[in-house]
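All remarks here apply to the structure that follows.
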Amino acid sequence: MNIRELKGRKEALGNWGYGDAPEPWQLGLQDPGCYLMEDIVQFHDWIMYILVLILSFVLWLIVRALTTNSTNMYLVDAPVIEIIWTLIPAGVLMFIALPSLKLLYLMDEIGEPALTIKAVGHQWYWSYEYSDYGNSTVEFDSYMIPTSDLNSGDLRLLEVDNRLVVPIHTQVRVLVTGADVLHSFAVPSLAVKIDAVPGRLNQTNFLIKRPGVYYGQCSEICGANHSFMPIVIEGVAMEKYTNWIGALLSE
Amino acid sequence: MSEEIKVETAKFDARFPNTNQTKNCWQNYVDYHSCVNASGEGCEYYKKVFQSLCPVEWVSNWDEQREAGTFTGKI
């Protein structure tokens, strides 16, 4: 990647240098774009911390057992140590399970949404509907931009022609369904991943905490072009959003 | 135009607390049309809710079914 491409890429990443899109050979999580995702990242780090403690301890035990000269040849049972090595892992599992459950239920909590967006998965594109505005509904399709039409710095297989524009600091309800087969609406930075099932409306929500462009992809194998139906969400200030939706409604 | 835009949507409905909101959309569509058939007044709330929740394609399908007399809901 040369410097020009790198610069273009930074611009594409919302000008702030946040990682709201996947990177080549990425191992970690993308940067959180909502408060819930921050909690999820923290939870991930907490589990990793426990994992390192356990791995180090077990490794130390193995090394000790293999290198020691003093082996108890007549050991048949040891109730005290057995109670200890049952209770400590049970305690550790509790410390993982409780915050996990808390997050799970928080993710389902939609609060009082200010805006409803409908995302419909098609073979192979997403279409979006904004219909909180009486009889006039804003409806559009969002197709991937083919590699041959990309500008310098655009993200390959991730850019779309029409982005989903949503206001930041606003509770947004997303209703997801499929028009033909199973799809899945997923945006890692916003902690959203929900199946799009034909005949069923699935509800999820997010509250974006900073302006930016958030990238996601269809995450349920849905046919030949499954890899080519990305999701792009543009988080903007409320005023910009009302201008944008106002312009579309008056068209 | 932006002054006229009111950012509000269907409120949380305790009858439908789950991820699956299919019935929420359906119930409000049915309630709106039974309300119109019964009195025709004060039905706007249901309309706002089902318009916010239901995909446009579902609504147009159900509208066609109502016209053809094949709609399965009791309205």
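Every chain is numbered from 1 and lettered A, B, ... according to where its sequence line falls, protein lines coming before strand lines.
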| chain B heavy atoms under 4.5 Å from A:I117: which part of the residue, side chain, backbone, both or neither? | neither
| Pair B:K47 + B:D31, salt bridge at N-O below 4.0 Å | no
| Winner by heavy-atom pair count (cut-off under 4.5 Å) against chain A, out of B:V49, B:V7, B:N20 | B:N20
| message | Using a 6.0 Å cut-off, check whether atom CZ of A:F95 has over 12 heavy atoms from anything other than its own residue. | response | no
| B:N24, part contacting chain A, at a heavy-atom distance under 4.5 Å | neither
| So do A:L164 and A:E234 actually touch side chain to side chain, heavy atoms under 4.5 Å? | no
| Does a side-chain heavy-atom distance below 4.5 Å link A:T137 with A:Y130? | no
| Most chain B-contacting option - heavy-atom pairs closer than 4.5 Å, from A:I110, A:V176, A:N135 | A:N135
| said: For the interface with chain B, which of A:R173, A:E112, A:E139 has the highest count of heavy-atom pairs at distances below 4.5 Å? | reply: A:R173
| With ring centroids as reference points, do B:W62 and B:W26 lie under 6.0 angstrom apart? | yes
| field | Heavy-atom contact with chain B under 4.5 Å, split by part of A:D108 | value | side chain
